[in-house]
Amino acid sequence: MPETRILSTDEDDMNDAVREAAALLDAGEIVALPTETVYGLAADAFNPDAVAKVFAAKERPSFDPLIVHIASFKELAEVAEMPDDIADTVKSIAGAFWPGPLTFVLPKSAKVPDLVTSGLPTVAVRQSGHVIFRAIGRALGRPIAAPSANRFGRISPTSAGAVMKELGGRIPLIIDGGACREGIESTIIAVEARGDQRPLIRILRAGPVTKEDLQKFGKVVLEKKSTERPDAPGQLASHYAPRTPLLMFDQPGDFKPEPGKKYGLLSYRGDPKTGYMDLHEWDVVEELSPGSGKLMEAALRLFHVMRVLDEAGLDAIVAEPVSETGLGVAIMDRLRRASAK
Ligand code: TXA
Ligand code: MG
């Protein structure tokens, strides 16, 4: 593989970048693209050879299916077979959150190659709201399969530089769209009809669209994390992992530092009263949302901060918990998976 190029999308460069990315995708190549959640490693979803390159570059096992990104609601019919009994609910939820950080799991259409869905009868579909991603999808004229642009099991990239660190030398092109606005991956849901009762909305992966956001559309349940859940095979317990061990504790007092070892703190607010600041003489402290603590800012910075701490030459990273409400659910999900062995 030749060197990986990064193309800017500043005003003057934007059209060229869109054209070049679409041309490479059309030719069966893979390209890293910005989305509002994290950077994705894109391929033409209808080209199995291109999709195979995504799995190879990421070293992703073939049992972990990809998300298919569509450019308009109309394109949904090309990739999914909508069951009649959930069509209205899906349409209302999509109306509220698309384009945006929400993915539906729906029965797949025959046009989607089995490699994309790892042989499952369902397909994960989302419409990204990122201007550049949308422009490339429109220029390609076909759906885009794209997992996060990191090597399998590692920290998702939220900047072009982070993609370069993950996949540099393995892919021909990265489109630089700046930092991702949301910072964590899309919420994944499955919708089920229940006769006269309100539809059931199962959250398979917590994300920027929260349980509270979805409650208006049905009864929402958050699926418990599992390594064996058949309908979200990629939700393995150990994921989003830095190379440096990341530790979490039920009680702050459970942290027993070993002499001579270097510890970094991943703090929510950098506040000694509510956090771990005074627990230890940390070698490095990184804060997710300094001051009053905002979950949106914390989500946005989470993977970046994990990456910074991972590069600081520490023996371990200790993460403070955040409150498990709203976006805090998705943040805690990522921290727990990063700390799982
Ligand atoms: O925000 C996002 O969703 C980003 C951007 C690039 O769109 N993509 C992303 O893709 O996070 P990835 O591959 O890192 O995560 C996709 C998740 C995996 O856990 C996978 O198992 C699950 O989606 N998934 C894909 N197809 C599925 C299906 N048919 N049923 C259940 N889960 C599925
Ligand atoms: Mg991923």
Side-chain angles (χ1 to χ4, degrees), residues 30-43 45 51 54-55 57-70 79-81 97-109 112-130 132-134 136-137 143-158 162-163 166-167 174-175 177 180-191 202-209 223 225-241 299 303 330 333-334 337-338:
I30 55 177
V31 182
L33 304 180
T35 85
E36 68 275 60
T37 57
V38 301
Y39 275 70
L41 181 58
V51 172
V54 170
F55 281 93
K58 279 184 60 104
E59 296 172 49
R60 185 178 175 114
S62 59
F63 60 75
D64 193 4
L66 310 184
I67 294 179
V68 173
H69 299 72
I70 51 177
V79 298
E81 303 282 349
F97 302 107
W98 272 6
L102 180 72
T103 298
F104 291 93
V105 172
L106 293 166
K108 85 186 258 299
S109 93
V112 179
D114 284 332
L115 187 58
V116 172
T117 60
S118 301
L120 290 174
T122 52
V123 60
V125 191
R126 128 169 150 90
Q127 188 188 351
S128 167
H130 197 287
I132 294 155
F133 191 96
R134 295 181 73 180
I136 293 168
I144 292 175
S148 50
N150 50 278
R151 274 173 281 160
F152 182 68
R154 307 205 58 82
I155 305 170
S156 302
T158 51
V163 178
E166 289 290 325
L167 299 174
I174 300 169
I175 300 297
C180 299
R181 196 160 28 106
E182 303 282 355
I184 49 175
E185 303 85 348
S186 63
T187 306
I188 304 181
I189 61 169
V191 180
R202 291 160 55 223
I203 299 182
L204 306 179
R205 177 174 72 185
V209 175
E223 300 278 291
K225 89 167 182 201
S226 150
T227 49
E228 272 137 0
R229 198 168 56 239
D231 52 2
Q235 293 293 80
L236 303 171
S238 172
H239 225 101
Y240 314 111
F303 288 138
D333 169 74
R334 304 308 187 274
R337 284 184 210 281

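Whatever order the structure lists ligands and atoms in, that order sets their numbers, starting from 1. Side chains are part of it too, since the values below use all heavy atoms of this structure and drop only hydrogens, waters and symmetry mates. Counting begins at 1 with the first residue of the sequence.
Arg151 places no side-chain N or O within donor-acceptor distance of the main-chain N or O of Glu59, the cut-off being under 3.5 Å. Without hydrogens or angle criteria, Ser118 side chain to Ser62 main chain gives a donor-acceptor distance under 3.5 Å. Of the possible donor and acceptor atoms, none in the side chain of Lys108 sits under 3.5 Å from a partner among the backbone N and O of Val79. Side-chain atoms of Arg334 never come within 3.5 Å of backbone atoms of Gly207 as a donor-acceptor pair (strictly under, hydrogens ignored). For Glu81 (side chain) and Pro107 (main-chain N/O), no donor-acceptor pair under 3.5 Å exists by modelled atom type.
Taking distance alone, with nitrogen or oxygen atoms compared against 3.5 Å, Ser148 approaches ligand 1 more closely than that limit. At least one N or O atom of Asp64, backbone or side chain, sits closer than 3.5 Å to an N or O atom of ligand 1. In terms of N/O distances under 3.5 Å, ligand 1 is approached by Arg126. Backbone and side-chain nitrogen or oxygen atoms of Arg205 are examined, and one is located within less than 3.5 angstrom of a nitrogen or oxygen of ligand 1.
Taking all atoms of both residues into account, the shortest heavy-atom contact from Thr37 to Cys180 is O-CB, 3.2 Å. Minimum heavy-atom separation, Val38 to Ser148: CG2-CB, 3.8 Å. Closest heavy-atom contact between Ala145 and His69: C-ND1, 4.5 Å.
From Thr117, atom OG1 reaches atom CG of Asp64 across 11.5 Å, with rounding to the nearest 0.5 Å.
A salt bridge between Glu185 and Arg126 is absent, with no side-chain N of the basic residue lying under 4.0 Å from a carboxylate O of the acidic one.
For Thr122, heavy-atom contacts with ligand 1 shorter than 4.0 Å involve the backbone as well as the side chain. Contacts between Arg60 and ligand 1 below 4.0 angstrom, taking non-hydrogen atoms only, involve the side chain exclusively.
Numbered from 1 in the order shown, with element, the atoms of ligand 1 that lie under 4.0 Å from a heavy atom of Val105 read 30 (N), 31 (C). Close approach to His69 involves these atoms of ligand 1, each under 4.0 Å from a residue heavy atom: 5 (C), 7 (O). The ligand atoms of ligand 1 that sit less than 4.0 angstrom from a heavy atom of Ser186 are 1 (O), 2 (C), 3 (O). Ligand 1 places these atoms under 4.0 Å from at least one heavy atom of Leu66: 25 (C), 26 (N). Every atom of ligand 1 is numbered from 1 in the order shown, and the set under 4.0 Å from a heavy atom of Glu185 is 1 (O), 2 (C), 11 (O). Of all the atoms in ligand 1, the ones that sit under 4.0 Å from a non-hydrogen atom of Ile188 are 17 (C), 22 (C), 23 (O).
Counting heavy atoms from C-beta on, the side chains of Arg134 and Gln127 come closer than 4.5 Å.
Using a non-hydrogen distance threshold of 4.0 Å, Glu182 does not register as a contact of ligand 1. Under a 4.0 angstrom heavy-atom cut-off, Glu36 registers as lying outside contact with ligand 1. Distances from ligand 1 to the non-hydrogen atoms of Lys108 include no value under 4.0 Å. Under the 4.0 angstrom criterion for non-hydrogen atoms, Thr117 is not in contact with ligand 1.
The Mg ion (ligand 2) has no N, O or S atom of Ser156 under 2.8 Å away, backbone or side chain.
Closest to atom 5 (C) of ligand 1 by heavy atom, among Asn150, Thr37, Leu33, Val112, is Thr37.
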